[in-house]
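Fair warning: this is a prediction, and the values are worked out from it, not measured in the lab. The first residue of the sequence shown is numbered 1, and numbering continues consecutively from there. Note that ligands are numbered from 1 as they come in the structure, with each ligand's atoms numbered from 1 the same way.
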Amino acid sequence: MLKMAVFNTKPYVERFFRRANERFGHELTFFEPRLSDETAEMARGADAVCIFVNDAADAPVLKRLAEGGVRLVALRCAGFNNVDIAAAERLGLSVVRVPAYSPYAVAEHTVGLILALNRRIHRAHQRVREGNFSLEGLMGFDLHGTPAGIIGTGKIGVIVAKILHGFGCELYAYDVQPNPDCVEMGVKYVSLDKMYETCYILSLHCPLVPETHHLIDAAAIDKMQDCVMLINTSRGALIDTQAVIDGLKSQRIGYLGLDVYEEEGDLFFDDLSDQIIQDDVFARLLMFPNVIVTGHQAFFTHNAVTAIAETTLDNLSVFEQGQCQNVLTCSLHHKSPDS
Ligand code: NAD
């Protein structure tokens with residue numbers, strides 16, 4: 001049995017982790033605050049910390065954790081751009097993650113955004129509730145035959161491709177490593193420029209790494225089809241938000257669907273409905289009738305959250321046995337084959 005301090009806890013996190021832990025029997029302590037320089041001390045005496053996408057595991061925080069006896073940072077997500085892996089390695093901390101829980105959850109939410117934006121379901125819903133049955137401004141287009149581009153065809157991107165293939169879209173992709181399943185489906189791998197020039201729908205599924213930071217900037221938007229639909233359910237900083245706002249104002253961008261936002265750390269996952277939003281860029285995004293923003297919920301299905309809890313606790317059990325699985329960095333002597 002290991003002790004794990006779970007940061008950034010919401011009621012559903014505690015519920016799913018407690019249920020999954022009946023099988024693993026670890027000692028879990030749940031903390032509501034995010035992991036930060038101020039809260040790292042709460043983990044003193046724990047063997048591991050469990051964190052999520054917006055917990056800041058930078059070098060000073062990791063140092064505090066290591067000083068308090070923590071040996072493992074267990075991410076309960078796939079992305080790890082919020083963890084200083086090199087610092088963890090220097091400090092002798094191991095870092096593990098949940099590389100896949102339900103790519104279907106994220107892919108299906110992505111397609112949900114595409115459908116809602118195209119057929120303006122968010123606006124239609126409001127209108128009908130107010131007794132306004134006018135169709136003016138609600139016209140969509142057939143997805144069948146529409147050229148759609150997927151940037152990043154890994155676990156999630158390939159499922160988006162499969163679903164859109166089912167709709168009859170003409171599919172294009174860009175990836176540093178083409179996926180054979182996509183090639184077999186008839187997806188055409190092209191350069192980014194070719195994709196911008198060809199596609200009416202663009203969906204982002206690549207990781208946030210230095211090369212993809214602000215991948216969608218003013219220059220990229222300039223090369224896109226007029227009235228393009230842009231969807232981002234990957235990571236906020238893939239998009240230069242100000243450039244996208246300019247693109248919406250000039251109508252180069254016709255539809256925007258976001259589940260992630262560059263500065264989401266100050267907003268998402270909390271009920272701020274009684275507060276004044278101070279982020280003017282985010283507030284501007286919400287003013288457009290052709291923008292839908294969801295608060296990083298693409299992963300949020302029963303299936304995915306169960307898988308997240310089970311994999312995280314299994315990662316902890318494997319660590320207890322002197323090994324690492326699903327590893328980003330492992331500071332143990334005995335490493336498993338995937339380390
Ligand atoms: P994955 O690792 O399976 O796939 C990523 C793909 O991107 C790979 O095929 C890789 O070759 C490609 N890639 C890497 N660098 C690239 C580059 N410079 N340009 C183009 N492609 C590049 O990851 P995944 O499980 O499919 O997840 C994709 C993203 O979705 C992750 O980065 C994660 O941050 C995000 N995500 C979001 C949510 C959510 O709730 N919104 C949930 C899970 C994952």
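- For atom 32 (O) of ligand 1, the closest non-hydrogen atom on the protein side is Pro207 CA, 3.2 Å.
- For atom 31 (C) of ligand 1, the choice among Gly152, Ser234, Ala100 with the nearest heavy atom turns out to be Ser234.
- When only non-hydrogen protein atoms are considered, atom 44 (C) of ligand 1 lies nearest to Ile156 CD1, 3.6 Å.
- Contact annotation: for Val106 versus ligand 1, heavy atoms closer than 4.0 Å belong to the side chain alone.
- Of the candidates Val53, Leu215, Asp175, it is Asp175 that places a heavy atom closest to atom 11 (O) of ligand 1.
- Contacts with ligand 1 closer than 4.0 Å are made by backbone heavy atoms (N, CA, C, O) of Thr153 only, the side chain lying farther away.
- Listed by atom number, the atoms of ligand 1 under 4.0 Å from Thr212 heavy atoms are 17 (C), 18 (N).
- Every atom of ligand 1 is numbered from 1 in the order shown, and the set under 4.0 Å from a heavy atom of Arg235 is 33 (C), 34 (O), 35 (C), 36 (N), 37 (C).
- For Leu208, no nitrogen or oxygen atom sits less than 3.5 Å from a nitrogen or oxygen atom of ligand 1, counting backbone and side chain alike.
- Here the closest non-hydrogen pair linking Val260 and Ser234 is CG1-O, 3.6 Å.
- Between Asp193 and Lys223, at least one side-chain nitrogen of the basic residue sits less than 4.0 Å from a carboxylate oxygen of the acidic one, meeting the salt-bridge criterion.
- Not one N or O of Pro99 is nearer than 3.5 Å to an N or O of ligand 1, by distance alone.
- His296 and Phe269 have tilted rings, their planes meeting at an angle from 30° to 60° on a 0 to 90° scale.
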Check against ring pair (Phe, Tyr, Trp, His ring centres under 6.0 Å), Phe299 and His109: CA-CA 8 Å; Phe299 75 99; His109 189 79; 9.7 Å; no
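- Nearest protein heavy-atom contact of atom 40 (O) of ligand 1 is Phe299 N, 3.1 Å.
- In terms of protein heavy-atom proximity, atom 4 (O) of ligand 1 is nearest to Gly154 CA, 3.2 Å.
- In this model, no donor atom of one side chain and acceptor atom of the other lie less than 3.5 Å apart for Ser102 and Thr301.
- The nearest heavy-atom contact from the protein to atom 37 (C) of ligand 1 is Thr233 O, 3.1 Å.
- Ligand-side atoms of ligand 1 in range of Asp259: 39 (C), 40 (O), 41 (N), range being under 4.0 angstrom from any heavy atom.
- Atom 16 (C) of ligand 1 has Val176 CG2, 3.7 Å as its closest protein atom, hydrogens excluded (heavy atom only).
- Using a cut-off of 4.0 Å between Lys/Arg side-chain N and Asp/Glu carboxylate O, Glu14 and Lys10 are scored as not salt-bridged.
- Closest approach of Thr312 and Leu75 over heavy atoms only: OG1-O, 4.3 Å.
- Other residues, nucleotides and ligands contribute over 12 non-hydrogen atoms within 6.0 Å of the CD atom of Gln297.
- With a 4.0 Å heavy-atom cut-off, ligand 1 is reached by the backbone of Cys206 and by its side chain too.
- Side-chain atoms of Asn326 do not come within 3.5 Å of backbone N or O of Val98 as any donor-acceptor pair.
- His205 O, 3.3 Å is the protein heavy atom nearest to atom 28 (C) of ligand 1.
- Contact atoms of ligand 1 toward Tyr174: 19 (N), 20 (C) (distance under 4.0 Å to a heavy atom of the residue).
- Between Tyr200 and Phe141, the ring center distance fails the sub-6.0 Å criterion.
- A heavy-atom separation below 4.0 Å is found between Tyr101 and ligand 1.
- Here His296 has side-chain heavy atoms under 4.0 Å from ligand 1, and that is the only part of it that gets that close.
- Counting heavy atoms of neighbouring residues, nucleotides and ligands inside a 6.0 Å radius, atom NZ of Lys249 does not exceed 12 of them.
- Taking distance alone, with nitrogen or oxygen atoms compared against 3.5 Å, Gln297 stays at or beyond that limit from ligand 1.
- Other residues, nucleotides and ligands contribute at most 12 non-hydrogen atoms within 6.0 Å of the OH atom of Tyr104.
- One side chain, Ser203 or His205, offers a donor N or O that lies under 3.5 Å from an acceptor on the other.
- Residue contact annotation: Val209 has no non-hydrogen atom under 4.0 Å from ligand 1.
- For atom 25 (O) of ligand 1, the closest heavy atom belonging to the protein is Lys155 CE, 3.5 Å.
- Less than 6.0 angstrom separates the ring centroid of Tyr261 from the ring centroid of Phe282.
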